[in-house]
Every structure is written in structure tokens, then in C-alpha cells.
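Some notes on the structure that comes next.
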Amino acid sequence: MIRRIVLGAAMALALATSSVALADDDEHPYRPDISSSLSTPFRLGFGLDVGVPSGAALGLAINPKLDWLRLQLSVTYALAPGGRVSLQLDPMALAPHCPVGLFGDVQAGFVGQGSVPGHSADLPSAGYDYVNLYGGLRLGAPNGFHWNFEVGPTYAHVATSNFQVVAKGNSSGLTIGNPTANGWIIPTFVTGFTVVWP
Amino acid sequence: MKFLLVGLLVSASMAACVSAHVDEPSVCSTQPIDFGPAPTIPAGVLPSQSVAVTLPPTSVTFDMSGPLGSVGDVASNLQATINELTIDKANLGWVSHVDVQIQGSATDGSTPLVELGSADSSLVVHVALSPVFVLHYLQSGLVTLSLTVSGNVLSDSAPSGEITSSMTLCASASGDVSKHL
């Protein structure tokens with residue numbers, strides 16, 4: 001992995017250097033665009049987005065030598081810190097200069113147990129795992145800055161803890177277990193930008 | 001373009017729906033039982049002779065309608081089961097039979113909860129009620145369990161004094177949530 005990153009960075013540096021060298025040479029005004037003839041490099045980038053149920057997310061974007069495939073690993077924060085893996089299939093990225101694209105995105109993530117700030121002692125906390133099945137609209141070239149709008153259904157497993165506090169003050173001596181819920185939320189969304197170094 | 005997208009998102013949110021299955025794994029309550037004074041052994045019984053003893057009937061009440069009602073407020077197709085119904089056998093190690101009848105606040109008559117098992121520290125009452133009836137009873141409010149215990153004791157180790165114990169009732173509930181916003 002690290003070798004590929006270094007190789008990709010070296011290739012990018014070599015391209016930039018040769019381009020500058022040609023530009024400085026008055027005897028060679030012809031500067032062909034050779035980037036499209038090269039195999040797709042390993043691209044890296046980052047993304048920032050907000051949505052439901054993932055909350056705010058900051059992630060590392062990876063195009064593993066396939067521009068139409070993007071893996072994004074994010075740290076998230078909703079009620080509590082969490083994480084998310086996103087696999088985007090963007091066939092329109094095969095036309096890299098097209099500023100608009102439609103893509104599919106499968107996201108899986110979790111949010112740790114968290115409670116309403118300041119009420120951890122008197123309210124139950126909740127955490128959840130989720131899978132988002134999104135369709136998305138990309139505004140901007142795939143290899144560069146682009147803004148994404150994604151919407152679709154979410155399947156979530158919600159677990160609670162500290163639910164006993166709801167029986168506080170109840171004199172009947174009830175012990176209440178922590179409820180769980182599994183189900184679909186339709187629709188949910190995420191929107192934000194991704195920057196991929198071309 | 002962005003306004004259109006925001007509009008679409010808002011419209012989609014307005015038509016949002018949630019469809020989920022909710023589980024409350026356990027609502028438990030432990031209540032004391034007082035069987036009153038131990039019965040006296042009839043005169044003339046030989047030492048170490050086995051004597052049949054039946055304690056006076058007693059009852060214990062539970063109220064789980066609050067938590068179950070809360071689940072019922074958000075869920076449909078509610079189902080409830082009794083996961084655990086046990087009697088602490090610290091003072092009742094000699095008991096071999098328990099007759100338990102359940103009666104709810106809004107129900108007619110009482111229904112037996114059958115069979116008796118035994119764990120290390122408790123007498124286990126196996127509940128033969130269907131989830132529909134369990135829900136019927138537990139949602140009605142105060143539930144009264146009437147107990148009659150009996151067994152055989154040796155005459156020289158018969159229980160004496162006030163016989164007390166405790167009973168634990170644990171129930172679970174589940175239901176479906178379907179909300180359109």
C-alpha cells in the first residue's frame with residue numbers, strides 16, 4: 001500500500017516537473033496532454049459530509065487505480081464518535097471531464113453509545129449500526145473537487161443502555177432491560193464534498 | 001440546481017417513514033411473599049417421620065403496565081412473554097408443588113400457571129400462557145398471583161416461625177413500529 005502511494009506521488013511529481021520543463025523551453029512549444037494515455041493512477045483525497053444517520057464525517061478517499069470505484073474511510077460524530085466505510089460506484093467517472101455524475105454508494109457504519117449532552121445520568125443512551133443504500137448526484141469532476149448529494153434507505157440496529165433511569169422514582173422496584181430496535185428508515189441522506197488529487 | 005436538490009431532499013424528508021421491530025428484552029420485578037406462620041406438626045408424629053405440609057394460600061402483586069404500556073404506545077402487534085417466574089427457595093426447599101393462579105385487574109377469573117421446576121436457588125414456575133394472554137394480563141394493570149405451596153417435611157426439621165420468600169417476574173415485549181412523517 002505505502003509503496004503504491006509513494007509510486008503514485010512520484011508519478012505525479014514527474015508529470016508536474018516535465019510539464020514545467022516543457023513550458024520553460026521555447027523551442028518545444030508543443031505540449032501534448034499525455035495524462036489520458038497513462039493508466040489510471042492510485043488517487044487519494046479526503047471528504048467532509050453531514051447526514052442522517054451518520055452525522056458529521058471526515059474521511060480519507062481512495063481510488064484504487066479505478067476512477068469509477070472509490071473507497072472512503074471516515075470517522076464520524078453524531079451522538080458519539082463512530083466510523084463509516086463507503087464504497088462508491090461511479091461509472092460516469094470514466095468520462096473524467098464530465099462535471100456531473102450519478103453514482104451508487106453502499107455505506108456501513110456505527111455510532112457508539114451516546115446520550116444527550118448534560119443528560120447522561122438521567123436519560124438513556126443509544127448507539128446504532130447502519131447500512132445506507134444510496135443513489136448520489138455528483139457535481140464536479142470526479143478527480144478534483146466535487147459536491148455529492150446522496151439519498152436512499154437505511155437499515156439500522158439501535159441499541160440502548162442505561163434504560164433503567166426511566167424507572168427512576170418508580171417505587172414498584174422494576175428492573176427494565178435495554179430495548180433494541182431493528183428497521184428501515186426511508187429516506188436518509190448525506191451531502192458534502194470530496195477532493196481527489198487528480 | 002442546488003435549490004432543486006434541497007427541495008427534493010426536503011420533499012423526501014416530508015415523506016419519510018420508519019419501519020422497525022422493537023424489543024424490550026426484560027422488565028423484572030421482585031416482590032416479597034409472606035406465607036404467615038409455619039403450620040404446626042400434628043401431635044403424635046414420630047421423629048423423622050415425613051409429614052405433608054401445605055402452607056396457607058397467599059398472594060403477591062406485580063404491576064408492569066407502565067413499561068409495557070410505553071412499548072404499546074409506539075408499537076403495534078405487541079407481544080409479551082413471561083421469561084422468568086421464580087420463587088426464592090431459601091425457606092422453601094421442601095416444597096414439591098406450587099399452584100399459581102394469575103389474575104389481572106381487568107380480566108375475568110384466574111388462570112393457572114402450570115408446572116414447577118427447580119433451579120439451584122429458586123422454584124421455577126413454567127408459564128403455559130400464550131403471549132396473547134400474557135399481554136392481556138400484564139397490560140391490565142395490577143396482576144395478582146395467588147400461591148399455594150405444599151410438600152413433605154421431616155417432622156423434626158419442619159419449618160417454624162414466619163415463612164417468607166420472594167417472587168421474581170420477568171417479562172419481555174416486542175412490537176412493530178411503523179411511522180410516516
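Numbers restart at 1 for each chain; the letters A, B, ... are given by sequence-line order, proteins then strands.
- Highest contact tally toward chain B, considering only Gly177(A), Ala181(A), Pro153(A), is held by Gly177(A) [criterion: heavy-atom pairs under 4.5 Å].
- By the 4.5 Å heavy-atom criterion applied to side chains, Thr180(A) and Val22(B) are not counted as neighbours.
- Follow the hydrophobic side-chain contacts under 4.5 Å out from Val50(A) and you never reach Trp147(A); the two are in separate clusters.
- In this structure, CG on Leu174(A) lies 5.0 Å from OG on Ser29(B), to the nearest 0.5 angstrom.
- Around the CZ atom of Phe193(A), the shell of radius 6.0 Å holds more than 12 heavy atoms that belong to other residues, nucleotides or ligands.
- Minimum heavy-atom separation, Pro179(A) to Pro25(B): CA-CD, 3.9 Å.
- Your options are Val27(B), Asp23(B), Val71(B), Asp176(B), and the one with the most heavy-atom pairs under 4.5 Å with chain A is Asp23(B).
- Val85(A) and Leu69(A) fall within the same hydrophobic cluster, where Ile, Leu, Val, Met, Phe, Trp and Tyr residues are linked whenever their side-chain heavy atoms come under 4.5 Å apart, directly or through other members.
- The side-chain heavy atoms of Ser26(B) and Thr175(A), taken from C-beta on, include no pair separated by under 4.5 Å.
- In the hydrophobic clustering of ILVMFWY residues, with side-chain heavy atoms under 4.5 Å counting as a link, Leu48(A) and Phe149(A) come out together.
- Taking hydrophobic clusters as Ile, Leu, Val, Met, Phe, Trp and Tyr residues chained together by side-chain heavy-atom distances below 4.5 Å, Trp94(B) shares a cluster with Met167(B).
- Between chain A and the residues Ser172(B), Ser19(B), Cys170(B), the most heavy-atom pairs under 4.5 angstrom are made by Ser19(B).
- The nearest pair of heavy atoms linking Ile176(A) to Glu24(B) is CG2-OE1, 3.8 Å.
- Considering only residues two or more places apart in sequence or on other chains, Trp68(A) meets the ring-ring contact (aromatic ring centres under 6.0 Å, His included) condition with none of them.
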